[in-house]
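Reckoned from all heavy atoms, side chains included, excluding hydrogens, waters and symmetry mates. Proteins come first, then strands; the chains are lettered A, B, ... in the order of their sequence lines, and each starts at number 1.
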Number of protein chains: 2
Amino acid sequence: MFPEFESYLRSQTTVTREELQLICSKAVERKLRRKEAILQEGEICRYKTFISSGILRTYRTREEGSEHILQFMPEDTWAVDPESYNEEVRSNYFIDALEDSKILQWAKADFVALLNNIPAFKNFSEKIISANIYLNRQRVFSSISSTAEEKYDEFIQSYPGLFARVPLHMVASYLGVTRETLSRIRHAQTKRD
Amino acid sequence: MFPEFESYLRSQTTVTREELQLICSKAVERKLRRKEAILQEGEICRYKTFISSGILRTYRTREEGSEHILQFMPEDTWAVDPESYNEEVRSNYFIDALEDSKILQWAKADFVALLNNIPAFKNFSEKIISANIYLNRQRVFSSISSTAEEKYDEFIQSYPGLFARVPLHMVASYLGVTRETLSRIRHAQTKRD
DNA sequence: TCAAATCGGTGACAAATGTCCTCGTTTTCC
DNA sequence: GGAAAACGAGGACATTTGTCACCGATTTGA
């Protein structure tokens, strides 16, 4: 039914065929066109979202209008605003598609029931959440200890292939520098090799 | 027995008197002198630690030797390296005391048992962890979107009183700037008012 | 108590980064 | 298919930040 998700979950967990079917039975498939959003600032994040294909991003704007990208979510990853989803408060973030994408969504009540009924799925979910906690701490450390060039190198290392799929000015936004700065760093690097 | 911790937990949770006694019965009190460490790089973080009085910090060093502070933990907060504690891997961080401090520690096995046996305590623990996730995301956003001065202002807002207790060069380390930069920011601000 | 370490401010200069602009190419989407 | 938008590079200049060196005041700890 959802071949990408099914092979993803089989390779990552020990859920049985029946459990997998149960999980899929609660999912809603959605196709997104480039620039289409699944969460807007001020809304409550009511779904867990799995990206089957394409790329989404999480970003936030400041009062003056500048956009700042917190995260890229390519295929085989999840998209959610944890605070809005857990606490059911209005989100500060936007989540939208950078390419035409295919996603699966579970309403919170359904997802909670699945976690409670399928221990292997709950374990897996907790593993994903933990990994995100570790990543965010790593990112905070990087933000206070690395130069712009080091952050760029870390990005390339951590997300090989992603750079080719997202515009340079969005990578700059993710890194917290201007696109001009990133352009300079790349220029200096190509000269060095 | 542990008056600071007991009043902290009573005010934050609905644990009963008996549950509180059970929790305290597993705690080990420790007094730290300034600069004394409870976790060193390369060790496994085997305890949950509550700070009854004083201040601790979590920091990490780079190869060249520079220190970068990820977090300050004053009284009524918790200290742990989540990744090392959860996954039982060697930590990249140091945790030590900035002032003479009094702490309570629970061995992981004991703490896990308490969480399983006391639902109100588990709820509370999850609340703390969630709050930390939200804070870290906020901090990542701030790191890519705010100027050094804005980060300084946010720090003062978020942790009033902490600034007075922590040396300026450590606040600079936490913010990811040099002490000279922070000195300049403060100078400019005092001139403006 | 007192020598040593820590701490914070400052000036001079260098390096990194931001801002503003133009330009040519590529991509998007009616 | 073609106009419009998005994209990335680069130059010129301003601003911010880092680096280094020095100094005096304060704190620390034996």
Any side-chain heavy-atom pair of B:Tyr8 and B:Phe2 under 4.5 Å:
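No; the side chains remain at least 4.5 Å from each other.
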
Rounded to whole angstrom units, what separation is found between the [atom1] atom of [X] and the [atom2] atom of [N]?
X        : N      : atom1 : atom2 : result
B:Arg34  : C:dA5  : CZ    : P     : 14 Å
A:Asp100 : C:dC29 : CG    : C1'   : 11 Å
B:Lys151 : D:dT17 : NZ    : C1'   : 12 Å
B:Leu98  : D:dT28 : CG    : P     : 12 Å
A:Leu182 : C:dT19 : CG    : P     : 15 Å
A:Tyr152 : C:dA16 : OH    : P     : 17 Å
A:Arg184 : D:dA12 : CZ    : C1'   : 10 Å
A:Glu149 : D:dG18 : CD    : C1'   : 16 Å

No-hydrogen, no-angle side-chain donor-acceptor test under 3.5 Å, [X] and [Y]:
X        : Y       : value
B:Gln138 : A:Asn92 : no
B:Glu64  : B:Ser66 : yes
A:Ser53  : A:Glu4  : no

5′-ward residue of the pair B:Lys35/B:Thr181 relative to DNA chain D
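Nearer the 5' end of the strand: B:Thr181.
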
Is the shortest side-chain N/O distance from [X] to OP1 or OP2 of [N] below 4.0 Å?
X        : N     : answer
B:His187 : C:dG9 : no
A:Ser183 : D:dG8 : no
B:His169 : C:dT6 : no

Return the nearest nucleotide to the side chain of B:Thr178; candidates are D:dG8, D:dT19, C:dT19.
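My answer, after comparing the listed nucleotides, is D:dT19.
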
Report yes or no: does A:Lys122 contribute a side-chain atom to a donor-acceptor pair with the main-chain N or O of A:Asn117 at less than 3.5 Å?
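The answer is no, because no donor-acceptor pair under 3.5 Å joins these two groups.
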
Over all strands shown, is B:Arg179 touching base, sugar-phosphate only, or nothing at heavy-atom distances under 4.0 angstrom?
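Here B:Arg179 touches the bases of the nucleic acid.
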
Most 5' of A:Ala148 and A:Glu180 on DNA chain C, judged by nearest nucleotide
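This one resolves to A:Ala148.
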
